[in-house]
Peer 1: 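A single structure is presented below for examination.
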Amino acid sequence: MRIYNTLTKNLEEFVPQDPPRVTMYACGPTVYDSPHVGHARSAVAFDVIRRYLEYKGYDVIFARNYTDVDDKMIDRAGKRGITIQQLAIQYIREYEAAMDALNVRPPVYAPRATHLIADMISFIRDLEAKGFAYARNGSVYFSVPKFEAYGRLSKKPQKEIADIGRRDSEEFGEDKGDPRDFAIWKAQKPGEPAWDSPWGKGRPGWHIECSVMSTKLLGETIDIHGGGHDLVFPHHENEIAQSEARSGKPFCRFWIHNGFVTVDKEKMSKSLDNFFTVDQVLQQYEAPAIRLFLVSAQYRNPIDYSRELLGQAARSWQRVRDAWTGLLAALGTEAAGARSAAVERAALPPELAATLDEFEAAMDDDFNTPRALAALFTTIRTINDGLTRGTTKGFLTAGFQVLMAILGVLGLDEAYMARFPGSRTHAGGQVESLVRHFIDQRDAARRAKDFKRADEIRATLKGMGIELMDSKDGTTWRLAD
RNA sequence: GUCGGGGUCGCUUAGUGGCCGAGCGUCAGACUGCAGAUCUGAACCAAGUGGGUUCAAUUCCCACCCCCGGCUCCA
């Protein structure tokens, strides 16, 4: 399996430092507003990566943080007259609801910055003790000149970093020993929330939280650290500096950054006011369609949000769902057996083994989900072809297992797909028998060539959200979207 | 400016030194009373521009053009 590592700008063979354990950290949101599609993209990207690593047999310890103290939090809470804690709770709930809707599995650890202030303070003291940090007027700064490797991740020339630092100097400039230095602890300003510390009342800088949480929860050297591409500099650069200065060990082995969601080719962001919240999108499209949309581009590439593309994804989702429900109907009671049995690769029919191989090859290639989707659709066509021709149960069982293996990695597991109306081919005894009654009536009409009446029945049921589909083997129905 | 990512059928997206795969859309056939789903086939005859290497380039090299993004708010 090869992964593109931002640190080396190369595809590298992925080998965890302590197999089968994989430690993985992703930078989560600052919880001052509702999650938008950009957040969803990042979350889904790392969810798929995590699922695939687990599919490959790794034991993934995954952490994703919430930034619940920073300038925007303080600003927003102040405007609304609530505390940052109240603000955080509201938006953490929204974020978690959005993640659940998209079937993004909860991380093993979901730390909040403000819950680890004590750890941050001791982390900063370690940096001070080692001479990498210095205090001025109640704030503490990281001394970039002391850390040789600074700029390695973002490949930024030191001069440029210094220029950037100088521009920022109106806030800390007088105190900073070098323009490149950055705050790891900020002295309290009037009205701001603050914690006691050896340097007086204050709050942590943004970058320190991820270093501390990652180190504390996952260890001094982790396997994978991820986040949006916009975090490379300065956030991740600073994380590396702090962490490695303190531990003397590599902070992270593989850096993975996801591309942005764009709207009309421009980055979706709050400042451009061109964003759509996850809730807004969920009102228009079923969540699995959104998931498929989000994996329709490779995670590093930009993906353009448009009605057209969401519409295409919605059609893809229908195709996936119909293949699944069709398979379940054909397998009947044998579906349970197919579900519980492990995939026996050697026993798979060659064409299905080939699609599974192709799926894995695609995912092994830096999580190439578009290529993986091609394998998924090939699998679906193979299954449908079998269904059309009336193949053996053994073939269908194998098809079911391969399909579920692929869908599981993409985050469309059965329990999730079953949440959506179109997936239901039955709805409890009474409804089932009621619909069956109308189908029988219609069949009688059809046999009598009374197609007018047959179509009326179908239209009436459709109006009630029940869709009939005729086939050689009789009429089936489902709840319409 | 600098660092990075791109320009492949109508749209989206893969792979590849020789015939470019998939999804959506379109058209036609099969199955249907019709519709839907499904299968089969097809069309559109797909590679930013200009050079170079090569028997052969979309794929390698060079130049140029254009697009997008980062550059301490940001997934």
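All chains are named by letter (A, B, ...) in the order of the sequence lines, taking the proteins before the strands, and each is independently numbered beginning at 1. What you see is a predicted model; the values in this text were computed from it and never measured.
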Peer 1: Between A/Asp450 (side chain only) and A/Arg453 (backbone N and O only), is there a donor and an acceptor less than 3.5 Å apart?
Peer 2: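 Yes, because the side chain of A/Asp450 sits within donor-acceptor range (under 3.5 Å) of the backbone of A/Arg453.
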Peer 1: How many whole angstroms separate atom CZ of A/Phe293 from atom C1' of B/G23?
Peer 2: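 Whole-Å distance recorded here is 14 Å.
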Peer 1: Tell me: CG of A/Leu376 to C1' of B/A14, nearest whole Å?
Peer 2: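 Those two atoms, CG and C1', are 14 Å apart.
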Peer 1: Pair A/Thr67, A/Trp206 - check side chain to side chain contact (heavy atoms under 4.5 Å, CB included), show working.
Peer 2: CA-CA 8 Å; A/Thr67 298; A/Trp206 176 33; 3.9 Å; yes
Peer 1: Evaluate the side-chain proximity of A/Ile74 to A/Arg203: yes if any heavy-atom separation is below 4.5 Å, no if none is.
Peer 2: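 Touching, per the 4.5 Å side-chain cut-off.
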Peer 1: When the C1' atoms of B/G33 and B/A46 are compared, how many Å lie between them, rounded to an integer?
Peer 2: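 It comes out at 41 Å once rounded to the nearest Å.
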Peer 1: Hey, does A/Gly227 reach any base, or is it just sugar-phosphate, or nothing, if we go heavy atoms under 4.0 Å?
Peer 2: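 Result for A/Gly227 = sugar-phosphate.
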Peer 1: From C-beta outward on A/Phe182, which listed nucleotide comes closest to its side chain: B/U72, B/A75, B/A14?
Peer 2: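 Closest nucleotide among those given: B/U72.
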Peer 1: Could you tell me how far apart A/Ile240 (CD1) and B/U72 (C1') are, to the nearest whole angstrom?
Peer 2: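 It is 15 Å, rounded to the nearest whole Å.
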Peer 1: Using atom types as modelled and distance alone, determine if a side-chain donor or acceptor of A/Tyr150 lies under 3.5 Å from a backbone N or O of A/Asn238.
Peer 2: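 Such a contact is absent between A/Tyr150 side chain and A/Asn238 backbone.
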Peer 1: Determine whether a donor-acceptor pair (N or O, by modelled atom type, separation under 3.5 Å) exists between the side chain of A/Asp68 and the backbone of A/Thr30.
Peer 2: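 Checked: no pair found.
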Peer 1: Taking A/Asp470 first and then A/Arg442, would you say they form a salt bridge - that is, a charged N and a carboxylate O separated by under 4.0 Å?
Peer 2: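 Between A/Arg442 and A/Asp470 there is a salt bridge, with a charged N closer than 4.0 Å to a carboxylate O.
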Peer 1: Which of these nucleotides, B/C34, B/U2, B/A75, is closest to any side-chain atom of A/Glu160?
Peer 2: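 Looking only at heavy atoms from C-beta outward on A/Glu160, the closest nucleotide is B/U2.
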Peer 1: When you compare B/U53 with B/U72, how far apart are their C1' atoms, in angstrom units rounded to a whole number?
Peer 2: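 The answer is 46 Å between these two C1' atoms.
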Peer 1: When rounded to the nearest Å, what value does the distance between P atoms of B/G23 and B/A42 take?
Peer 2: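 Pairwise P distance, B/G23 against B/A42, rounds to 14 Å.
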Peer 1: Rounded off to whole Å, could you give me the CD1-to-P distance for the A/Ile439 and B/A35 pair?
Peer 2: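 After rounding, the reported distance stands at 20 Å.
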Peer 1: Report yes or no: is there a donor-acceptor pair, N or O only, under 3.5 Å between the side chain of A/Gln312 and the base of B/C11?
Peer 2: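 Such a pair exists between side chain and base.
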Peer 1: Can you tell which of B/C74, B/C34, B/A75 lies closest to the side chain of A/Arg442?
Peer 2: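 The answer is B/C34, which lies nearest to the side chain.
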Peer 1: P atom, B/G7 versus B/U12: distance in rounded Å?
Peer 2: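 Taking atom P in both B/G7 and B/U12, they lie 12 Å apart.
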Peer 1: If the C1' atom of B/C44 is compared with that of B/C27, how far apart are they to the nearest Å?
Peer 2: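 One C1' to the other, the span is 10 Å.
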Peer 1: Want to know the stems of RNA chain B: at least 3 consecutive Watson-Crick or G-U pairs with distances under 3.5 Å, which are they?
Peer 2: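 Paired runs of 3+ in RNA chain B: B:1-7 with B:65-71, B:10-13 with B:21-24, B:26-30 with B:38-42, B:48-52 with B:60-64.
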Peer 1: Think A/Arg319 forms a cation-pi with A/Phe377, using NZ or CZ under 6.0 Å from the six-ring centre and within 45 degrees of its axis?
Peer 2: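 Here A/Arg319 fails the 6.0 Å and 45° test against A/Phe377.
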Peer 1: Quick check: on RNA chain B, is the nucleotide nearest A/Arg180 upstream (toward 5') of the one nearest A/Ala297, or the reverse? Name the residue that is more 5'.
Peer 2: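 Counting from the 5' end, the first nearest nucleotide belongs to A/Ala297.
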Peer 1: Is the backbone of A/Pro288 close enough, under 3.5 Å, to the side chain of A/Glu286 for a donor and an acceptor to pair up by distance?
Peer 2: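 It does not hold such a pair.
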Peer 1: Could you tell me how far B/A14 sits from B/C9 if I compare only their P atoms? Round to whole Å.
Peer 2: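 One P to the other, the span is 13 Å.
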Peer 1: Under 4.0 angstrom, heavy atoms only, what part of the nucleic acid is A/Gly226 near: base, sugar-phosphate, or nothing?
Peer 2: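 The residue A/Gly226 makes no contact with any strand.
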Peer 1: Report the C-alpha separation of A/Phe46 and A/Phe62 in whole Å, then their side-chain angles, then the decisive distance to 0.1 Å, and conclude whether the ring pair (Phe, Tyr, Trp, His ring centres under 6.0 Å) test is met.
Peer 2: CA-CA 10 Å; A/Phe46 291 107; A/Phe62 178 57; 7.5 Å; no
Peer 1: Say you draw a straight line from CG of A/Asn258 to CZ of A/Phe260; how long is it, rounded to the nearest 0.5 Å?
Peer 2: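 Reported value, rounded in 0.5 Å steps: 7.5 Å.
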Peer 1: Can you give me the N/O atom pairs linking the protein to nucleotides 4-9 of chain B at distances under 3.5 Å, or say none if there are none?
Peer 2:
from	atom 1	to	atom 2	distance (Å)
B/G4	OP1	A/Lys9	NZ	2.3

Peer 1: Heavy atoms under 4.0 Å is the rule here; annotate nucleotides 37-44 of chain B 5' to 3' with B where the base is hit, S where only the sugar-phosphate is, and - elsewhere.
Peer 2: SSSS----
Peer 1: Take atom NZ of A/Lys156 and atom C1' of B/U72, then tell me their distance rounded to the nearest Å.
Peer 2: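 To the nearest whole Å, that distance equals 10 Å.
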Peer 1: Would you kindly check whether a donor in the side chain of A/Lys267 faces an acceptor in the base of B/C68, or vice versa, at under 3.5 angstrom?
Peer 2: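 Between B/C68 and A/Lys267, which were checked side chain against base, a qualifying N/O pair under 3.5 Å is absent.
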Peer 1: Indicate yes or no: at least one non-hydrogen side-chain atom of A/Thr325 is less than 4.5 angstrom from one of A/Met417.
Peer 2: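 Sidechains of A/Met417 and A/Thr325: no contact.
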Peer 1: Check whether A/Arg291 reaches the backbone of A/Leu410 with its side chain - one donor and one acceptor, N or O, closer than 3.5 Å.
Peer 2: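 Pair found, side chain donor or acceptor close to backbone of A/Leu410.
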Peer 1: Nearest-nucleotide wise, let me know which of A/Ser269 and A/Ser296 is further upstream toward the 5' end of RNA chain B.
Peer 2: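 Result: A/Ser296.
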Peer 1: Could you tell me how far apart A/Tyr150 (OH) and B/U72 (P) are, to the nearest whole angstrom?
Peer 2: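 For the pair A/Tyr150 OH and B/U72 P, the rounded distance is 11 Å.
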Peer 1: Looking for any heavy atom pair under 4.0 Å, which part of the strands does A/Arg453 touch: base, sugar-phosphate only, or nothing?
Peer 2: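 Nothing, no nucleic acid heavy atom in range.
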Peer 1: In whole angstrom, give me the gap between the C1' atoms of B/A37 and B/C45.
Peer 2: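 Each nucleotide's C1' atom is 30 Å from the other's.
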Peer 1: With heavy atoms under 4.0 Å as the rule, sort A/Gln298 into base, sugar-phosphate or nothing.
Peer 2: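 A/Gln298: backbone/sugar contact only, no base atoms under 4.0 Å.
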Peer 1: With sugar-phosphate meaning primed atoms plus P, OP1 and OP2, does A/Asn368 contact a base, only sugar-phosphate, or nothing at under 4.0 Å between heavy atoms?
Peer 2: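 If one applies the 4.0 Å heavy-atom cut-off, A/Asn368 turns out to touch the sugar-phosphate alone, with no base involved.
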Peer 1: How many Å lie between CZ on A/Arg446 and C1' on B/A35, as a whole number?
Peer 2: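 Taking atom C1' of B/A35 as the reference, CZ of A/Arg446 is at 10 Å.
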Peer 1: At 4.0 Å (heavy atoms only), tell me whether A/Phe377 reaches a base, stays on the sugar-phosphate, or touches nothing.
Peer 2: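 Sugar-phosphate: the residue A/Phe377, judged by heavy atoms under 4.0 Å, touches backbone atoms but no base.
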Peer 1: Which atoms form the tightest heavy-atom contact between A/Gly38 and A/Val261, and what is the distance?
Peer 2: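 Closest approach of A/Gly38 to A/Val261, heavy atoms only: CA-CG2, 3.9 Å.
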Peer 1: How long is the line joining CG of A/Asn65 and C1' of B/A75, in whole Å?
Peer 2: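 So the two atoms are 11 Å apart, to the nearest Å.
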Peer 1: What integer number of Å spans the C1' atoms of B/G17 and B/C66?
Peer 2: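 So the two C1' atoms sit 27 Å from each other.
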Peer 1: Scan side-chain atoms only and decide if A/Glu308 and A/Gln312 contain a donor-acceptor pair under the 3.5 Å cut-off.
Peer 2: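 Side chains of A/Glu308 and A/Gln312: pair found under 3.5 Å.
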